[in-house]
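As the structure lists them, so they are numbered: ligands from 1, and atoms in each ligand from 1. Counting begins at 1 with the first residue of the sequence.
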Amino acid sequence: MAIIQFPKDMKWGTATASYQIEGATTEDGRGLSIWDTFSKTPGKVLNGDNGDVACDSYHRYEEDVKLMKELGIDAYRFSVAWPRIFPNGTGEVNQAGLDYYHRLVDELIENGIEPMCTLYHWDLPQALQDEGGWHNRETIDAFVNYAEVMFKEFSGKIKYWITLNEPWCISFLSNYIGVHAPGNKDLQLATQISHHLLVAHGATVKKFRELGVDGEIGFAPNTTWLQPYSNKQEDIDACRREIAWFVEWFMDPVFKGEYPSFMVEWFEQKGVTLDIQDGDLATINQPIDFLGINYYTGNVARYKENSGLLDSEFIEMGYERTDIGWPIFPEGFYNVLTHITDSYGNVPIYITENGSCYNDEPVEGRVKDDGRIKYLQQHLTALSRAIDSGVNVKGYLTWSLMDNFEWAEGYSKRFGIVHVNYRTLERTKKDSYYWFKQTISNKWFEN
Ligand SMILES: CCOCCOc1ccc(-c2cn(C[C@@H]3NC[C@@H](O)[C@H]3O)nn2)cc1
């Protein structure tokens, strides 16, 4: 057995998101979000599940913070529901919405836990979607306005801010593949939305700097890794396109002030015309303080003419899969982290999401989730390798603190280290909770 160690100053934490855990969707003046609409649209979410109750964390946040305190975490990543702050996206601020997040943040700080706030984790006010949503450039200004209110309200309390969670999911998964809200299936629309999201990110970073907010700001793209099936150039190029769709498409504009030209040309061949206005790329290219990285899975792929968007196909390699069907590919975690560092330099990185779906249920009060513990061991070993290779990792936050609403999969897929009984809302610490607690305390584990 080997000891896998971590830097003494590396932060440990857990992550959640507003629509996935809060519930109370009609309480205290909250407006409708696109996920309220989408989840109530027949056929969009498995079993017709929705976030009306979820984990009821809106009312049970004190119990949840107690779980975090016992876990010994340094930081908790949560997201703010924009429709709680601006029920119609813009206009009058809803003080009751701000008051909820003050209660949550104060409880975290009182328990010695650093709040890490995601401003946008997919619950766009429906009123803005009715005007075109992220395809309408006016949503950029609405987002900066919402962010400014949050910065001014929580300056001094919240020191870590994330503008956007997983812009690939917000743009392409939700507007090209169409399995997430609002469920469009239009590549031109999705690609233009990806641009508006990046402009919104950059404009928000500019506002953060102008206000002189005490703290750090970044964004949290989701990543993946595709290993070429062979050393044939066509296979290598196919994997480069697949990775770039998640990584370079969003990180090149932020860190280099330009889109990856080979991907612009690829999208142009698919009929996409990107409308970039004067100054957009300079806005996007604002320096950030840290990069959030979300990693779950990877695969082996090769070139296949006219297959999918990127002329590629995934190869079944017999990798073990989690209960959501994603291959377990810890080498991909190491590869994507070193690739990002090679591409963008020594940018401080927080792993803002990494975790696995295992649907183990309590038996006599215990949840024996060995699969999740093994996944954590494999991916934390990969993370330790990356750190030893020079990747500037500042923290690791696992997805998720508790089972929650997994979007189109509803409540059928459990990612938590704490089990939630959705009928009684009882929380049960899983074996992985105790393993993670010990690892946080030790700052090492035996591999
Ligand atoms: C028919 C093709 O269908 C393709 C489905 O393609 C995807 C891709 C990626 C995801 C995905 C889900 N998650 C976990 C979340 N991250 C943020 C947090 O809210 C977690 O709940 N990350 N990526 C889902 C589906």
Side-chain angles (χ1 to χ4, degrees), residues 13-22 33-35 38-39 43-46 49 51 54-55 57 76-81 116 118-124 162-181 183-185 187 190 219-226 242-243 245-247 249-250 292-299 301 307-310 312-314 321-327 329 332-333 336 350-359 372 375 379 397-417 420:
T14 58
T16 64
S18 45
Y19 190 77
Q20 295 182 270
I21 68 164
E22 288 179 357
S33 77
I34 58 175
W35 270 96
F38 192 74
S39 63
K44 298 300 184 184
V45 177
L46 200 58
D49 289 343
C55 307
S57 289
Y76 174 56
R77 179 180 175 229
F78 65 98
S79 80
V80 170
M116 179 180 271
T118 304
L119 288 163
Y120 188 72
H121 201 128
W122 306 357
D123 36 5
L124 184 73
I162 291 168
T163 54
L164 304 173
N165 181 72
E166 298 186 348
W168 181 87
C169 287
I170 305 167
S171 51
F172 294 107
L173 184 63
S174 305
N175 292 283
Y176 170 58
I177 298 171
V179 296
H180 280 192
N184 298 311
K185 297 184 179 182
L187 183 62
F219 76 139
N222 49 312
T223 65
T224 189
W225 188 260
L226 280 308
E242 285 282 354
I243 293 167
W245 196 19
F246 288 76
V247 173
W249 186 258
F250 295 99
I293 292 292
N294 296 357
Y295 177 86
Y296 290 92
T297 186
N299 221 318
S307 171
L309 176 65
L310 301 173
S312 61
E313 65 174 346
F314 290 6
R321 293 172 184 263
T322 64
D323 288 351
I324 198 169
W326 298 349
F329 194 49
F333 194 21
V336 77
Y350 284 88
I351 307 304
T352 37
E353 286 181 33
N354 175 246
S356 56
C357 171
Y358 286 96
N359 297 327
R372 180 171 287 102
Y375 180 99
H379 288 78
L397 293 87
T398 193
W399 184 271
S400 178
L401 169 68
M402 69 185 96
D403 297 334
N404 59 57
F405 177 81
E406 179 50 37
W407 309 112
E409 301 289 342
Y411 298 103
S412 70
K413 303 297 184 294
R414 295 177 177 271
F415 277 83
I417 58 174
V420 176

Under the ring pair (Phe, Tyr, Trp, His ring centres under 6.0 Å) test, residues paired with Phe250 that sit two or more places apart: none
Tell me whether the rings of Tyr296 and Trp326 are parallel (<30°), tilted (30 to 60°) or perpendicular (>60°). perpendicular
side-chain hydrogen bond (donor to acceptor under 3.5 Å, both in side chains) partner of Asn165, the single match among Asn294, Thr118, Thr352: Asn294
Nearest neighbour of atom 16 (N) of ligand 1 from the list Glu409, Lys413, Glu353, on a heavy-atom basis: Glu353
Who's the nearest protein heavy-atom neighbour of atom 14 (C) of ligand 1, and how far? Glu406 OE2, 3.5 Å
Test of understanding: with side chain to side chain contact (heavy atoms under 4.5 Å, CB included), list the residues that count as partners of Asn184, not counting sequence neighbours. Asn175, Pro182, Leu189
Quick one: does ligand 1 sit under 4.0 Å from the side chain of Leu173, the backbone, both or neither, non-hydrogen atoms only? side chain
Paired with Phe405, the ring-ring contact (aromatic ring centres under 6.0 Å, His included) test is passed by just one of Trp122, Phe38, Tyr19, Phe415, namely Tyr19
Can you sort out which atoms of ligand 1 are near Gln20, meaning under 4.0 Å from one of its heavy atoms? 18 (C), 19 (O), 21 (O)
Who's closest to atom 8 (C) of ligand 1 heavy-atom-wise, of Tyr19, Trp168, Phe172? Trp168
Minimum distance, heavy atoms only, to atom 12 (C) of ligand 1: which one of Trp407, Tyr296, Trp326 is it? Trp326
So which bit of Phe415 gets within less than 4.0 Å of ligand 1, heavy atoms only: side chain, backbone, both or neither? neither
Counting only heavy atoms, which portion of Asn165 has something under 4.0 Å from ligand 1: side chain, backbone, both, or neither? side chain
Going by the angle between their ring planes, with limits at 30° and 60°, are His379 and Tyr375 parallel, tilted or perpendicular? parallel
How far is atom 23 (N) of ligand 1 from its nearest protein heavy atom, and which residue and atom is that? Glu166 OE1, 3.9 Å
Answer yes or no: is there a donor N or O on one side and an acceptor on the other, between the side chain of Thr14 and the main chain of Leu397, under 3.5 Å? no
Of all protein heavy atoms, the one nearest atom 2 (C) of ligand 1 is Ile177 CG2, 3.8 Å
